2 protein chains.
Amino acid sequence: MTNKDTNTEEKIKEAARKLFLQKGYANTKTRDIAAEAGINLALLNYYFRSKEKLFALIMKEHMMSFLSGLQHILNQELDFDKQIQLFADSYIDMLLVNPDLPIFILSELRNHPDKFLEETQLRERVHEVRFFKELIARTDSKVHPLHFFINLISITVFPFVGRPLIQGISGISDQQFTQMMQERKELIPKWIELILSNS
Amino acid sequence: MTNKDTNTEEKIKEAARKLFLQKGYANTKTRDIAAEAGINLALLNYYFRSKEKLFALIMKEHMMSFLSGLQHILNQELDFDKQIQLFADSYIDMLLVNPDLPIFILSELRNHPDKFLEETQLRERVHEVRFFKELIARTDSKVHPLHFFINLISITVFPFVGRPLIQGISGISDQQFTQMMQERKELIPKWIELILSNS
DNA sequence: CAATTTTTTAATCATTTGTTTAAATCAAAT
DNA sequence: ATTTGATTTAAACAAATGATTAAAAAATTG
């Protein structure tokens, strides 16, 4: 505490987190970060060598927390149905706190398709998750189990990615949007279970 | 034809379409566009005044075609179920041809939240669409009809936005991805109708 | 306290990038 | 064919941007 918030290195990281998340890599200038952190521009390079290295650090941090969250939820020893409920509930909570996270990750992933996937060992770590084994076991149909996972992620995450469009079309307020996302915590598990049980 | 493809103005637009779509506004340099179009750099400003004006043009074009597509499909005089089928089918076809379109639009919309929504009269034009009136009429439940529209868009569009993650996690090939999207043309209507009829 | 190391600062550099200019070339009209 | 206007070109400009430097200030060590 004492050191962590006043510490120059941490101040730069904090500013970088905020701005990169908000505006992406290309739209964030080193001078913006320095100003936001309230430090001299040269200190950015002193502590992190380059803008790119600083970004890689922040990006990895985000990918890891995204992954750890997923891993933690989907590895719990729970009923399959309970697990879906837990996922929707805690993931939407997380997204309401970090609404910019998905579009940030997906935008940057577009520019460096492999870079970040490799260094987080995404595939390896997700593959041994309980939920997936359960999901595969559950589907006796000819429909690929991945479809159901895609559906779950889609209806949970997409509203946050497509938010400007959704609000632009429907005209709902920020408050109404949040309200609807709260409702989805309970609706998503029902929908997914419905889809799963009829396949 | 004769003029349209060799025409300098059109060559620049074509190059701009390709590069903006692929890399976004900030990551596309005017020199890249000039090189791609095979023309002198100054011609970009000669014909379009500025990079920003050129971009606004391309962006509006994309928003319009996105909107017209939606409008055309959702205004057809068809059964509600048929309409959902038509939507999934033709929208996935479109997305397979333009897989970068959603992430492009959503990324840029993040930087200029209102700018493009206003000038396309998105809300006004979508609001008078047959499909929505039908959707609202259909839902007697206490669940907001917008939820179902969000679901339809989510499971249709999100796979293309989240493609790097989906392929990174599952390890499926490009070909397998395309195959799955083809399958979803028939699956999505079933899922959506299932959800609708149980609400 | 003096010496040494670490941190911070202001100034500057080198490159990139969007845009402009002035001259050259091309096309159309009289 | 000459004139006039439109198009194209090479060169340059100005601002933005990531990075470096050398000196000053602060902190640490002996």
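Side chains are part of it too, since the values below use all heavy atoms of this structure and drop only hydrogens, waters and symmetry mates. Fair warning: this is a prediction, and the values are worked out from it, not measured in the lab. Naming convention: chains lettered A, B, ... in sequence-line order (proteins, then strands); numbering from 1 in each chain.
- Nearest to the side-chain atoms of B/A42 among the listed nucleotides C/dT20, D/dT8, C/dT8 stands C/dT20.
- Separation of the A/F132 and A/H127 ring centroids does not fall under the 6.0 Å cut-off.
- Comparing C/dT9, D/dA6, D/dG18 against the side chain of A/L43 picks out C/dT9 as the nearest.
- For C/dT17, the OP1/OP2 oxygens have no side-chain nitrogen or oxygen of B/T30 closer than 4.0 Å.
- The aromatic rings of A/Y25 and A/F20 lie parallel to each other, with less than 30° between the two planes, well short of the 60° mark.
- As rounded to whole Å, 12 Å separates atom C1' of D/dT7 from atom NZ of B/K11.
- For the OP1/OP2 pair of D/dT8 and a distance below 4.0 Å, the side-chain nitrogens and oxygens of B/Y47 include at least one atom meeting the criterion.
- Position along DNA chain C of the nearest nucleotide to A/R31 versus A/N40 favours A/N40 as the more 5'-ward residue.
- Taking the six-membered ring where the residue is Trp, A/F66 and A/Y91 present perpendicular rings, their angle passing 60° and hence far from 30°.
- Dashed line: the shortest gap from a side-chain N or O of B/T8 to OP1 or OP2 of D/dT8 is under 4.0 Å.
- Among the protein residues, A/L44 comes within range of no part of the nucleic acid, since none of its heavy atoms lies under 4.0 Å from any strand.
- Taking every side-chain heavy atom of B/S50 into account, C/dT19 is the closest of C/dT19, D/dA19, D/dT17.
- In summary, the aromatic rings of B/F131 and B/F87 are positioned with their centroids too far apart to meet the 6.0 Å limit.
- Remark: P of C/dC13 and CG of A/L41 are 16 Å apart, rounded to the nearest angstrom.
- The OH-P distance, from B/Y46 to D/dA11, rounds to 21 Å in whole Å.
- The separation between A/I12 atom CD1 and C/dT7 atom C1' is 11 Å, rounded to whole Å.
- Nearest to the side-chain atoms of B/N45 among the listed nucleotides D/dT8, D/dG18, C/dT20 stands C/dT20.
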